[in-house]
There are 2 protein chains.
Amino acid sequence: MGMEEKIMESKNISPAVIKRLPRYYRYLGDLLKLGIDRISSKDLSEKMQVTASQIRQDLNNFGGFGQQGYGYNVEYLYNEIAKILGLDKDYNLIIVGAGNLGTAITNYTDFAKRGFYIRKAFDVKPELIGKKIGEIEILGMDSLPDFIKNNQVDIAAITVPKEIATETATKLVKCGIKAIWNFAPVDLRLPKDVIVETIHLSDTLMRLSYSLKNKTSK
Amino acid sequence: MGMEEKIMESKNISPAVIKRLPRYYRYLGDLLKLGIDRISSKDLSEKMQVTASQIRQDLNNFGGFGQQGYGYNVEYLYNEIAKILGLDKDYNLIIVGAGNLGTAITNYTDFAKRGFYIRKAFDVKPELIGKKIGEIEILGMDSLPDFIKNNQVDIAAITVPKEIATETATKLVKCGIKAIWNFAPVDLRLPKDVIVETIHLSDTLMRLSYSLKNKTSK
DNA sequence: TAGATTGTTAATCGATTAACAATC
DNA sequence: TAGATTGTTAATCGATTAACAATC
């Protein structure tokens with residue numbers, strides 16, 4: 001039994017659970033900063049506005065991190081979730097598209113705190129090539145294949161205009177990129193060994209206008 | 001029966017459905033641009049990689065937009081979804097926090113195409129006040145209450161550092177803001193008549209690292 | 001008309017919540 | 001030890017898919 005468990009490490013965690021993990025991590029980080037060293041699922045559930053049952057159910061997908069009668073040790077749980085999320089190692093990122101959004105993300109130093117290091121930015125525009133965003137150099141798109149070949153790049157962010165997002169993604173995949181952080185408002189259809197996370201900014205705006213409409217009509 | 005329907009306009013649409021609407025809108029927009037004027041749920045389902053059943057089920061929450069034996073008229077459906085999403089009117093936005101992210105969003109002209117107009121940006125930093133982002137003026141935070149009083153502001157984007165995000169949100173609500181587009185990595189707890197859409201950028205990054213980890217271990 | 005495809009009901013699947021025995 | 005709280009099973013709830021009669 002113990003052996004079988006070891007073999008099939010990842011026993012199909014539901015997407016709903018995975019989506020909640022970063023939120024747990026955030027709340028536990030806050031508790032840690034407040035110097036709180038233990039918490040019960042009930043107390044945490046009140047803070048997070050979810051059920052205690054869900055918290056216990058979620059965490060038990062990955063192991064029994066708590067202790068009956070005591071609750072969860074905050075620091076321990078925080079670190080365990082970090083491990084589950086893969087935050088115990090560093091990641092090298094490149095930004096493809098050094099426009100406004102690409103620049104904003106490159107300048108956003110919070111990501112580095114969690115181990116996500118932006119190493120280079122790329123753009124087609126000749127006037128941008130050679131310039132820097134903070135400490136980060138902008139290279140031409142021609143330099144992309146060589147850079148990826150000679151450096152370990154874990155994640156590529158796509159911040160190019162939507163018209164060229166798909167071809168950019170294809171190019172990245174051809175260069176061997178296995179994870180894409182996509183900010184273009186398109187659904188990338190890529191080989192299934194390539195991981196894609198898309199941020200659809202305009203979708204969230206539309207949901208806002210939907211909610212606004214269905215509130216005032218009330 | 002017809003009367004009853006009229007009375008209770010919004011018969012509790014599930015959040016899952018609402019979340020999918022912008023995606024339908026996007027695909028229909030693409031079809032429209034391609035000059036395609038009709039589509040069946042089956043064909044659309046193949047393009048979107050969902051079931052035809054789900055498409056029909058989703059759309060029928062809002063009315064029967066299709067025709068048996070024919071399918072859906074692309075332009076009609078596109079416009080209907082626009083109406084459902086509230087995209088048939090314009091919205092005035094302000095950006096609170098004129099840092100990198102605020103600047104990026106202010107410069108992102110695509111939103112204006114959908115009727116979301118950014119009118120002003122606000123920041124505390126004296127050196128930014130009076131400057132412009134493209135055409136958009138940056139005002140000091142002191143000017144915020146008066147501006148909101150004298151102008152219709154539908155949506156406020158929060159792009160300030162997370163440390164001051166909560167107090168910024170509270171301030172906005174006090175000024176009468178009813179919809180917040182939040183980019184700070186915090187969960188805003190506001191009166192329930194205030195709509196909040198949060199974009200947790202770092203959460204998406206963590207999901208990427210989770211997936212990367214659970215792929216390579218395979 | 002015959003074929004196609006919707007709108008809608010019923011069946012299934014998955015995710016959340018409740019309950020409680022195990023145990024610290 | 002008694003009280004607290006977990007881990008986990010069972011019950012419920014909601015969302016997705018299948019099926020098909022209605023109808024263009």
Side-chain angles (χ1 to χ4, degrees), chain A residues 1-2 4-5 10-24 27-28 31 36-78 80-81 84 207 210, chain B residues 1-2 4-5 10-24 27-28 31 36-78 80-81 84 207 210:
Chain A
M1 214 241 259
E4 269 194 65
E5 258 176 58
S10 50
K11 34 148 183 161
N12 266 44
I13 311 296
S14 100
V17 174
I18 296 163
K19 245 179 89 182
R20 283 192 291 267
L21 287 178
R23 188 154 182 263
Y24 290 128
Y27 275 82
L28 287 162
L31 290 171
I36 294 163
D37 49 33
R38 64 179 260 200
I39 192 151
S40 69
S41 58
K42 185 164 172 290
D43 289 352
L44 186 57
S45 79
E46 277 157 19
K47 281 194 197 301
M48 295 184 68
Q49 314 257 59
V50 296
T51 62
S53 208
Q54 180 167 79
I55 293 176
R56 295 204 299 278
Q57 194 76 278
D58 282 356
L59 295 177
N60 273 91
N61 279 292
F62 304 98
F65 300 129
Q67 193 171 46
Q68 282 98 329
Y70 171 89
Y72 298 86
N73 178 288
V74 172
E75 190 175 2
Y76 174 69
L77 187 54
Y78 178 77
E80 285 302 310
I81 295 179
I84 293 164
R207 287 203 284 275
Y210 173 88
Chain B
M1 214 240 262
E4 268 193 68
E5 258 177 58
S10 50
K11 36 151 183 159
N12 266 43
I13 311 296
S14 100
V17 174
I18 296 164
K19 247 180 87 183
R20 283 193 290 268
L21 286 177
R23 187 154 183 264
Y24 290 127
Y27 275 82
L28 288 162
L31 290 171
I36 294 162
D37 49 34
R38 63 179 261 201
I39 192 150
S40 69
S41 58
K42 185 164 173 292
D43 289 352
L44 187 57
S45 79
E46 277 157 18
K47 280 192 195 304
M48 294 185 68
Q49 315 257 60
V50 295
T51 62
S53 207
Q54 180 166 79
I55 293 176
R56 295 204 300 278
Q57 194 77 278
D58 282 356
L59 296 178
N60 273 88
N61 279 293
F62 304 99
F65 300 128
Q67 194 170 46
Q68 282 99 329
Y70 172 89
Y72 298 86
N73 178 289
V74 172
E75 190 175 3
Y76 173 70
L77 186 55
Y78 178 77
E80 284 302 310
I81 295 179
I84 293 165
R207 287 203 283 275
Y210 173 87

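The basis for the numbers below is simple: all heavy atoms, side chains too, and nothing from hydrogens, waters or symmetry mates. Note that the coordinates shown come from a computational prediction; the quantities given were computed from them, not determined experimentally. So you know, we letter chains A, B, ... as the sequences are listed, proteins then strands, and number each from 1.
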Candidates [options] - which lies nearest the side chain of [X]:
X     : options                : answer
B/A16 : D/dT16, C/dT6, C/dG7   : D/dT16
B/S40 : C/dC24, C/dT5, C/dT17  : C/dT5
B/R56 : D/dT16, D/dC20, D/dT17 : D/dC20
A/Q54 : C/dT6, D/dT8, C/dT17   : C/dT17

* Compute both the distance and the angle, then confirm whether B/R38 meets the cation-pi test with B/Y70: under 6.0 Å from the six-membered ring centre, within 45 degrees of the axis. =>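 Yes, B/R38 and B/Y70 form such a contact.
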
* **B/E75 atom CD: more than 12 heavy-atom contacts under 6.0 Å** =>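 No, not enclosed.
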
Mind calculating the distance between [atom1] ([X]) and [atom2] ([N]) to the nearest angstrom?
X     : N      : atom1 : atom2 : result
A/I39 : D/dT6  : CD1   : C1'   : 14 Å
A/R38 : D/dA4  : CZ    : P     : 11 Å
B/I55 : D/dA18 : CD1   : P     : 13 Å
A/Y76 : D/dT6  : OH    : P     : 15 Å
A/Q49 : C/dT16 : CD    : C1'   : 17 Å
B/Q68 : C/dT5  : CD    : C1'   : 7 Å
B/L59 : C/dT5  : CG    : P     : 16 Å
A/D58 : D/dG7  : CG    : C1'   : 13 Å

* Pairing nucleotide - C/dT12, Watson-Crick or G-U, each distance under 3.5 Å ->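 With both distances under 3.5 Å, C/dT12 matches D/dA15.
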
* Taking a pair as Watson-Crick or G-U wobble with both distances under 3.5 Å, which nucleotide is matched to D/dT6? ->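 D/dT6 is paired with C/dA21.
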
* Do A/F65 and A/N73 have side chains that get closer than 4.5 Å, going by heavy atoms? ->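 No, their side chains stay 4.5 Å or more apart.
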
* Would a 4.5 Å heavy-atom cut-off, applied to side chains only, mark B/L44 and B/L31 as touching? ->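 Heavy-atom side-chain distance check passes, below 4.5 Å.
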
Phosphate contact ([N] OP1 or OP2) by [X] side-chain N/O below 4.0 Å:
X     : N      : answer
A/R20 : C/dT16 : yes
B/T51 : D/dT17 : yes
B/Y70 : C/dG7  : no

* **Any donor-acceptor pair under 3.5 Å from B/R20 side chain to B/Q54 backbone** =>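 Side chain of B/R20 to backbone of B/Q54, a donor-acceptor pair under 3.5 Å: no, none is there.
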
* To do: Give one of base, sugar-phosphate or nothing for B/S53, where a contact means two heavy atoms less than 4.0 Å apart.
  => base

* Asked: If you take atom types as modelled and just measure distance, does the side chain of A/Q57 reach the base of C/dT17 with a donor-acceptor pair under 3.5 Å?
  ->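 Answer is yes: a donor-acceptor pair is held.
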
* To do: Answer with yes or no whether A/S14 presents, from its side chain, a donor or acceptor under 3.5 Å of a partner atom in the base of C/dA15.
  => no

